[in-house]
Amino acid sequence: MSESYDVIIIGGGPAGLSAAYSAWENGAKKILVIERDRELGGILQQCIHNGFGLHHFKEELTGPGYAHRCMELIKDKPEIETLIDTMVLEITQDKTVVAVNPKKGLLELHAKTIILTMGCRERTRGAIRIPGERPAGVFTAGAAQRMVNMEGYLPGKKAVILGSGDIGLIMARRMSLEGCKVEAVLEICSFSNGLTRNIVQCLEDYDIPLYLSHTIVKIHGSERVTGVTVAKVDERMQPLPGTEFDIECDTVLLSVGLIPENELSRGLDLKMEPLTSGPVVDQRRETSKPGIFAAGNVVHVHDLVDFVSEEAEIAGKFAALTAQGMLEGELKHVEVTTGDGIRTCVPQRLSLPEEGETLRLFMRVGAPEQKVRLEVTSGDTLIVSKLLPFAKPSEMIALNLPAEKTKLISGDLKVALKREA
Amino acid sequence: MNCLREADVVVVGGGIMGTAVLRELSKYDLKSILVEKEPDLAMGTTKANSAILHAGFDAPNGSMKARMNVRGNTLYHILEDQLDLDIKWTGSLVVATSEEELATLRELLERGRKNGVGGLQILSAEEVLAKEPNLTKTVTGALWAPSAGVCWPFAAALSFARSAVQNGAEIFTDCRVEGIVVADGKVTGVKTSKGLIKTGLVINAAGLYADEVAKMAGDESFSIHPRKGEYILFDKTVADKMVNGIVFPTPNKTTKGVLVCTTTHGNTFIGPNAEDIEDKDDRAVTITGMDRIIASAKKLLPEIPLGAAITEFCGLRAASDSGDFIIGKSRVAGLLHAAGMQSPGLTAAPAVAEELARLVRELLPMVHLKKGFQSILPKKTVFHRLSRVKQAAAVQKNKLYGRVICRCETITEAEIVAAINESCGARTVDGVKRRTRAGMGRCQGGFCGPRVTQILARELGIPVTEVLKERADSHMFYEKEPAAGEEA
C-alpha cells in the first residue's frame with residue numbers, strides 16, 4: 001500500500017463508505033478508508049432489523065443490507081483502498097495519520113484531506129449516575145445487540161430496558177424474539193423518543209409495558225443483576241419518593257443516548273460545538289481546520305442512516321475537490337445561529353461563493369412542537385420559511401436552501417421557530 | 001479434611017496489606033502461602049479507595065498510623081522502580097477557606113513536622129491558585145505536602161503478589177478460610193475451602209473480615225466496622241477543568257473529607273463520603289451519597305462537569321473500633337494481625353509488612369534472608385506509553401500489539417493476553433480491567449467488554465458463557481435458547 005493519499009477517511013461505517021464513494025465520483029485518485037472493526041459497515045452490521053435506506057436507496061433494507069450496498073459501491077475500484085482491523089492512534093496537524101494493524105504494524109500515512117467519520121458511542125450507566133451495586137448484567141443496548149446479533153450469545157433472560165429511543169425499542173423486540181422476557185421499558189421523559197411505528201411493533205406487539213416518566217433508582221445484585229427499583233419522576237426528572245417499586249430481572253439494558261466519538265478531533269484541536277458534541281462544520285462539512293472534513297454521527301447524532309450517507313457524500317465531494325485543488329475563489333463566511341425552539345443546527349457555518357450554493361440544514365427542536373413555522377433569516381431578510389405540522393426532538397428536520405436563496409445571505413444566518421399567534 | 005499444603009506462614013487476605021506482607025516474607029527462606037477467598041486479588045478495599053500515598057501529617061504524633069504512614073511513603077519511593085508501580089508524585093494540598101481553617105493547617109504543619117514529614121509548607125491563596133487555578137476563589141491558603149502522590153492500588157497489590165511468587169511464595173485464590181486450628185493455645189493450621197494448610201503462623205490481613213478471622217482463632221479483642229465511601233470518576237477530557245494533583249478540604253475530626261484528585265491515569269475523581277454501615281457486602285452507590293460528595297466537592301471546585309462522569313463506585317473502609325491500626329501479636333500464639341487498615345492503610349502497607357516480618361523473625365529465629373531474592377519485577381509493556389518507534393517494534397515482535405481492543409484507553413490484545421497468562425493472571429473481565437485498564441475509559445467496557453470476554457474464554461479454554469465479570473455467579477452472557485417451535 002501507498003503512504004500518500006488524496007483523501008483518508010477515518011471510519012468504515014455508512015458515513016465513511018458513502019464519503020469514499022463520493023470522493024471517487026468527484027475525481028479523487030487515491031482514497032483510503034480505515035476501519036477498526038474486523039469488517040466494514042460499522043454499527044449497521046449489528047442492526048439486523050429493517051427500516052434502513054428508504055430515502056437513500058429508495059427501498060427498505062436491513063442494517064447489514066444497507067452496509068452491503070455501500071460496500072458494493074466502493075468495490076473493485078482501484079482508487080479506493082480499505083484497511084480493516086486498524087486503529088488510528090493519532091492524526092497530526094500536518095494530516096499525517098498514525099494507525100496500527102496486526103498484519104501491517106504501525107503505519108504512518110499522509111493525506112491531502114481527511115474525513116472524520118468515527119460515528120458515536122453509547123452513553124453509559126456512569127454518565128447518568130444510576131445508583132446501586134455494580135453486578136454483571138448491566139449493558140448498553142448496543143453492546144447487547146452486538147452480542148446477540150453478531151456473536152450469538154444472550155445477554156440475559158429477564159431484562160428491564162432504560163430508555164425508549166429506537167435502540168431501546170428495537171432491543172426490546174430483539175431480546176423477546178431470542179427468548180428473553182422483557183419486563184419493562186422505562187423512559188424518564190414524559191414522551192418516548194422513539195418512532196411511533198417502533199412503539200407499536202416492538203412493544204405493543206409483544207405486550208411489553210412502557211413506563212413514561214419513570215427511571216431506575218437502584219440496581220440490585222452483588223454478582224449478577226437480581227432486580228431494579230423503579231420510581232416515577234417529577235417534571236424536573238427527579239424521583240418522587242413513595243412511588244418506588246421493584247422489578248425482578250437479571251439484565252438491565254441502557255439506551256440513554258449517543259455521544260459523537262471525537263477523541264481524534266480533540267487531538268486535532270478542532271472547534272467543537274457543545275450541544276452536538278461534534279466539530280463545527282460548514283455546509284461542505286469542512287471543520288475549523290482546512291482540509292479536515294467530518295460527517296455522520298461524529299458531527300451530530302442522526303436518527304436515519306440515509307441522512308448520514310447524504311452528509312458524508314457532501315464531505316466526500318468537497319474533500320476530493322479540495323485535494324485536487326479545484327476549489328479556488330473567495331468565499332463569504334457566515335455563522336448559523338439557533339433561536340427559539342431550535343436546539344441544534346448543522347452546519348454551524350456557511351462558506352458561500354458569490355453565486356450561492358445549494359445546501360441543506362439539519363436541525364433538532366428542543367421539545368415536541370405542533371404547528372410551528374420554521375424560519376431562516378439573515379439580518380432582516382427572510383430566506384426560507386416552512387410550516388411544520390409536528391416536530392419532535394428525536395426526528396431531525398432537514399430544510400433545503402437552494403442556491404438562489406443562499407445567494408441572498410448577507411450576514412449571519414438564524415434559524416428559529418415562530419409560533420402562530 | 002485433606003491437607004493442601006504445609007507452610008511456615010499463611011497470610012489471610014489478598015489485598016494491598018496481605019500482598020505486601022507476602023512479598024516481604026518472600027525475602028526470607030520461608031514457605032509462605034497467601035489465601036484469598038475471592039477469584040482475584042485486590043477485590044476488597046484495595047480496589048475502591050482514594051489511591052493516595054499520604055505524606056503523613058494527619059495521624060497523631062507517636063501513633064502507629066503516623067509512623068507507618070511516613071515510613072510507607074518512603075518505601076513506595078524505593079519500590080516504585082523495583083516493582084514498576086504506577087505512581088505520580090503530585091504532592092497534596094489541604095485547602096483552607098477561612099481563618100479558622102488556616103489555624104487548623106498550622107496545627108497540621110506542626111504535627112507533620114513532628115511525624116517526620118519533609119517539605120511541608122503553608123502556601124498563600126495566590127500560590128494555591130497558581131497550582132490549581134480551578135479551585136474556589138475563596139481559598140485562604142493551603143498546606144502543601146510535596147511527598148504525597150497518587151498510585152494505582154490494585155496494580156500495586158498485584159505487583160507485590162507477582163514479586164512474591166517470583167521469589168517462591170504461593171497464592172491460592174477462591175480459597176476461603178473456614179477455620180483456624182488452635183491446639184494448646186497455639187495456631188497449628190488453617191482450614192480453607194481447598195483443604196487444610198498446616199502452619200504455626202497466621203498473618204491476618206483479612207481487611208473487613210479481619211475480626212471474623214481473629215474470632216476463628218478465639219481472639220475477640222477487636223471488631224471491624226465497614227465505613228462506606230462513594231466516588232464519582234470523570235473522563236480524562238475534563239481533567240483540565242478540575243485539578244492537577246490531590247486537593248483535600250481542611251479535615252474535621254472524623255474524616256479527611258471529600259477530596260478532588262486526578263489519578264495516575266489522568267481521570268479526576270471526587271469523593272469519598274464516610275458512612276458507617278452494617279453490611280460488609282453493601283457496595284451500593286446511593287443518591288444521597290452522590291449528592292453529598294457533589295455538594296462537598298463544589299466547596300473546593302465550584303464548577304464540576306457532571307456530564308463527563310464515567311462511573312461511580314464505592315469502597316468500604318475497614319475501620320477498627322479503636323480507630324488505629326491493629327498491628328502485631330494476638331493473645332493467641334502464632335496469630336499476627338494487620339487489621340483496621342483504614343486510611344492511610346495503602347500508604348502504610350509496605351511499612352506494616354516490614355514490621356510483621358520483624359515479628360515473624362522474632363518468632364522464627366532460625367529464619368534468614370534468602371540468597372538470590374529478586375527485588376525487581378520485569379516491566380510490563382504498556383503499548384500506548386511507548387514511543388512510535390517502540391510501538392512499531394512491539395507489533396513486529398507480537399502482532400497482537402497491533403490490535404487495539406479497548407479503544408478508550410488504547411489497550412491492545414497483546415496486553416490483555418499477557419494479563420491473563422502472567423503469574424497471578426486475570427480470570428475475570430474485571431480482573432483484566434484492573435490489570436490493563438481495558439474497560440476503564442469513557443465507554444466503560446461498552447465496546448471492549450464482549451471482546452475481553454471472548455479473549456478470556458479463548459485463553460482460559462472455557463466457553464464464553466462461563467466467563468465471569470467478577471465474583472462467582474457474575475456470568476456475562478448466556479447460550480441462546482431455541483425459540484418455541486424451533487428445532488433444537
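Throughout, a chain's letter reflects where its sequence line sits, starting with A, and its residues are numbered from 1.
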Chain A contacts, top residue of [options] (heavy-atom pairs, under 4.5 Å):
| options | answer |
| --- | --- |
| B/Glu479, B/Glu413, B/Arg407 | B/Arg407 |
| B/Glu470, B/Gln391, B/Gln396 | B/Gln391 |
| B/Gln454, B/Arg283, B/Gln444 | B/Gln454 |
| B/His475, B/Lys399, B/Glu312, B/Met290 | B/Glu312 |

Qualifying salt bridge (Lys or Arg N to Asp or Glu O under 4.0 Å) pairs with a residue from residues 82-93 of chain A, counting only residues at least two apart or across chains = A/Asp85-B/Arg403, A/Glu90-B/Arg388
key: Matching residue for B/Thr262 among B/Asp240, B/Thr268, B/Asn267 - test: side chain to side chain donor-acceptor pair (under 3.5 Å)   = B/Thr268
Measure distances from [X] to the heavy atoms of chain A and classify the residue's part below 4.5 Å as side chain, backbone, both or neither.
| X | answer |
| --- | --- |
| B/Thr237 | side chain |
| B/Asp473 | both |
| B/Ile405 | neither |
| B/Leu306 | both |
| B/Phe234 | neither |
| B/Leu400 | neither |
| B/Thr410 | side chain |
| B/Ala472 | both |

key: Near-ring test B/Phe477/A/Phe139, centroid separation under 6.0 angstrom   = yes
May I ask you to name which of [options] has the most heavy-atom pairs under 4.5 Å with chain B?
| options | value |
| --- | --- |
| A/Glu151, A/Arg125, A/Arg123 | A/Glu151 |
| A/Val148, A/Leu106, A/Thr140 | A/Leu106 |
| A/Gly105, A/Pro239, A/Gly152, A/Gly137 | A/Gly152 |
| A/Arg134, A/Glu122, A/Arg129, A/Arg121 | A/Arg129 |
| A/Leu254, A/Thr124, A/Ile128 | A/Thr124 |
| A/Lys218, A/Lys103, A/Arg146, A/Arg266 | A/Arg146 |

request  = May I ask you to check if B/Arg176 and B/Tyr209 form a cation-pi contact, with NZ or CZ under 6.0 angstrom from the six-membered ring centre and within 45° of the axis?
outcome  = no
Donor-acceptor under 3.5 Å ([X] side chain, [Y] main chain):
| X | Y | result |
| --- | --- | --- |
| B/Glu415 | B/Phe383 | yes |
| A/Glu35 | A/Asp37 | yes |
| A/Asn262 | A/Ser277 | yes |
| A/Asp250 | A/Lys158 | yes |

Non-neighbouring partners of A/Leu44 that pass side-chain contact (heavy atoms from CB on, under 4.5 Å), sequence neighbours left out = A/Pro14, A/Phe52, A/Tyr66, A/Ala67, A/Val305
ask   = Which residues satisfy the side-chain contact (heavy atoms from CB on, under 4.5 Å) test with B/Asn273, sequence neighbours excluded?
value = B/Glu230, B/Glu275, B/Ile293
ask   = Any luck finding a side-chain donor-acceptor pair between B/Thr311 and B/Tyr231 under 3.5 Å?
value = no
query = Does one side chain, of A/Thr344 or A/Thr276, offer a donor that lies under 3.5 Å from an acceptor on the other?
reply = no
message = Taking the side chain as everything from C-beta on, heavy atoms only, tell me whether B/Lys236 gets closer than 4.5 Å to B/Glu409.
response = yes
message = Does the plane of the ring in A/Phe245 sit parallel, tilted or perpendicular to the ring in A/His214? Use 30° and 60° as the thresholds.
response = perpendicular
query = Which of residues 219-233 of chain A get closer than 4.5 angstrom to chain B, counting heavy atoms alone?
reply = A/Ser222, A/Glu223, A/Arg224
Contact class of A/Tyr153 relative to chain B, heavy atoms under 4.5 angstrom = both
key: Audit row: A/Asp94, A/Thr92, side-chain hydrogen bond (donor to acceptor under 3.5 Å, both in side chains) steps and yes/no   = CA-CA 5 Å; A/Asp94 67 350; A/Thr92 65; 2.3 Å; yes
